[in-house]
Amino acid sequence: MNSSDKGFNSKLIHSGGIDDPLGSAVTPIYQTSTFKFQSADHGARCFTGEEKGYIYTRLGNPTIEDLEVTMAELENGFGGIATSSGMAAVNTVYLTVLSKGDHMIGHSALYGPSRGIMEKVYPKFGIESDFINTTKLDEIKKHIKPNTKLLYLETPANPTMEISDIRAASKLAHEHGIVVCVDNTFCSPYLQQPLELGADIVLHSMTKFINGHADIVGGVIVAKEKELYNELNMIMMNMGFNMDPHQSWLARRGLKTLSVRIDRAQENAMKVAAYLENHPKVEWVLYPGLKSHPQYELGKLQMNGPGSMISFGLKGGLTSGKVVMDNVQFALLAVSLGGVETLIQHPASMTHSKLSREAREKAGISDGLVRLSVGIEDVEDIIDDLEQAMDKI
Ligand code: LCS
């Protein structure tokens, strides 16, 4: 079925799909590494692209394509490229857009490895970068150089929840011939559609909301135009960053309930954020649905909803954070996000504990910062758990 003219929720259910000869309602898992050709000539035509035909799963597979077509339709782009992880998606973008002598600008508080790999590995290939506050247009303007080729935004950013203005930043970047990529992991296309706001590429860690059940690792890229899609796909295929058919099938299945999951998680998150904002042991709460969020108005403008990620600061810093982590009983003490279960983590004592306090502060991570990925359970249970854990401080 062609679902490209249907509503978002219909696309979640009906986009992609294949004409299965047995009429299966759901695209089967084509768990095969290779495909038979009908003849030598047929094989040749598949390789040149004269005829549509599957060759080898790293280059394409119906189950993976089902997911890719769906993601492209949801993000309103030309084509989707599924990858083995969110980081494979990030690196596909870096390797496609940047060449020796080029420069990129990224937000200072990106998901750690998206910044770390650029700063640690890419200089080996003559690529330079500046990680700045992309919520400020003047800062972006100040850092644009003649060799700047990529503006990389993550909004809301992980874990600082800062919101960058995709429309304004894309306009500025395009005036300088710069490609704009947005990591849309925290929102999913249900809450934010960066290509509609002017970006050229959108990517996701599908490990999170797209799959939504904390049982796979995966990524996806959607390009607005054919030319960029072809370049990205070439890098993905030849770097071997492809997704696996079984993972793709799970992600496509999880994707069907994206909007109902997010609606429910968001409703819970609003209540949890309001509870935290009034808690005497909480110093601050950063949630796009609260008027106190510094970019509340911008969030309302470019997002269809505030989502279900909350960062908050505990009074008493590192010690308080550890006490809460050691006493939660319902929320899972775990990294990752965007699943149906509530997850909690404290970067200063966990993911970022090896960094100095100074380095953490520079990345926007204060000692009391706690990150919550609010799930779809009964909200009273989430709040009761936080209450009893904070009582122990
Ligand atoms: N982009 C964002 C915004 C992310 O949060 C993550 C992972 C990635 C990219 C990378 O995706 P992956 O390769 O893991 O699929 N974020 C994680 C986090 O916050 N905790 O654990 C992983």
Side-chain angles (χ1 to χ4, degrees), residues 67 71 75 81-95 106-118 121 131 134 152-164 166 181-189 191-192 194 199 201-222 236 239-244 247-248 250-251 254-255 286 288 303 307-311 325 331-339 341-355 360 363-365 369-375:
L67 177 64
M71 282 307 298
E75 289 283 10
I81 300 164
T83 56
S84 54
S85 68
M87 284 315 298
V90 173
N91 280 294
T92 299
V93 171
Y94 289 169
L95 290 165
H107 188 53
S108 51
L110 296 179
Y111 171 59
S114 302
R115 176 175 175 168
I117 187 95
M118 177 49 65
V121 174
F131 289 91
T134 57
Y152 187 92
L153 306 176
E154 187 179 291
T155 177
N158 185 1
T160 60
M161 300 306 295
E162 293 159 287
I163 297 174
S164 295
I166 299 171
C181 175
V182 177
D183 183 332
N184 202 21
T185 299
F186 268 36
C187 283
S188 90
L191 297 183
Q192 180 168 271
I201 304 171
V202 57
L203 69 81
H204 295 267
S205 164
M206 286 203 288
T207 317
K208 314 295 170 1
F209 291 97
I210 303 292
N211 176 60
H213 294 77
D215 51 12
I216 65 146
V217 170
V220 70
I221 309 161
V222 177
M236 181 284 289
M239 296 305 288
F241 289 160
N242 59 288
M243 205 180 202
D244 160 89
Q247 270 182 317
S248 301
L250 283 168
L255 186 53
L286 274 175
M303 295 158 67
S308 50
M309 295 299 300
I310 304 173
S311 286
M325 295 309 110
L332 306 185
L333 179 55
V335 296
S336 200
L337 56 108
E341 52 285 285
T342 298
L343 303 181
I344 192 164
Q345 83 117 335
H346 177 228
S349 70
M350 296 169 62
T351 49
H352 293 67
S353 60
K354 290 212 167 65
L355 294 182
R360 283 199 298 267
I365 296 162
L369 187 151
V370 173
R371 193 188 70 178
L372 255 186
S373 172
V374 179

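In listed order, ligands and their atoms are each counted from 1.
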Would you tell me whether Gln247 and Asn211 have side-chain atoms, one donor and one acceptor, within less than 3.5 Å of each other?
no
Part of Lys208 with heavy atoms under 4.0 Å of ligand 1, whether side chain, backbone, both or neither:
side chain
When you measure from atom 19 (O) of ligand 1 to every protein heavy atom, which one gives the shortest distance, and what is it?
Arg371 NH1, 2.7 Å
At under 4.0 Å between heavy atoms, what of Thr351 touches ligand 1? The answer is neither
Among all protein non-hydrogen atoms, which one is nearest to atom 22 (C) of ligand 1, and what is the separation to 0.1 Å?
Tyr111 OH, 3.5 Å
How far is atom 15 (O) of ligand 1 from its nearest protein heavy atom, and which residue and atom name does that atom have?
Thr207 OG1, 2.6 Å
Which atoms form the tightest heavy-atom contact between Thr207 and Val217, and what is the distance?
OG1-CA, 3.5 Å
Heavy atoms of His346 and Ser349 approach each other most closely as ND1-OG, 2.7 Å
Of the non-hydrogen atoms in Ser336 and Arg371, which two are nearest, and what is the gap between them?
O-NH2, 3.1 Å
Taking atom types as modelled and ignoring hydrogens, do the side chains of Glu341 and His213 form a donor-acceptor contact shorter than 3.5 angstrom?
no
Counting both backbone and side chain atoms, is some N or O of Glu154 under 3.5 Å from an N or O of ligand 1?
no
Using heavy atoms and a threshold below 4.0 Å, how should the contact between Met309 and ligand 1 be classified: side chain, backbone, both, or neither?
neither
Please report whether the ring centroid of Tyr152 lies less than 6.0 Å from that of Tyr94.
yes
Report the residue from Pro288, Pro156, Pro194 that forms a side chain to side chain contact (heavy atoms under 4.5 Å, CB included) with Cys187.
Pro156
Taking the non-hydrogen atoms of Ser336, is any one of them nearer than 4.0 angstrom to ligand 1?
yes
Inter-residue atom distance His107.NE2 - Glu162.CD, 0.5 Å rounding
3.5 Å
For atom 3 (C) of ligand 1, find the nearest protein heavy atom and state the residue, atom name and distance (0.1 Å precision).
Asp183 OD2, 3.3 Å
Note: Thr185 and Ser205 closest approach over all heavy atoms is OG1-N, 2.9 Å
Is there a nitrogen or oxygen of Phe186 sitting under 3.5 Å from a nitrogen or oxygen of ligand 1?
no
For atom 5 (O) of ligand 1, the closest protein heavy atom turns out to be Asn158 ND2, 2.9 Å
Taking N or O atoms only and a 3.5 Å limit, does Gly86 qualify as a polar contact for ligand 1?
yes
Any Met206 heavy atom less than 4.0 Å from ligand 1:
no
Please tell me whether Thr155 and Ser164 have a donor and an acceptor in their side chains that are separated by less than 3.5 angstrom.
no
May I ask you to list the atoms of ligand 1 that are less than 4.0 angstrom from any heavy atom of Thr185?
1 (N), 2 (C), 3 (C)
Looking at ligand 1, would Gly218 count as a contact under a 4.0 Å heavy-atom criterion?
yes
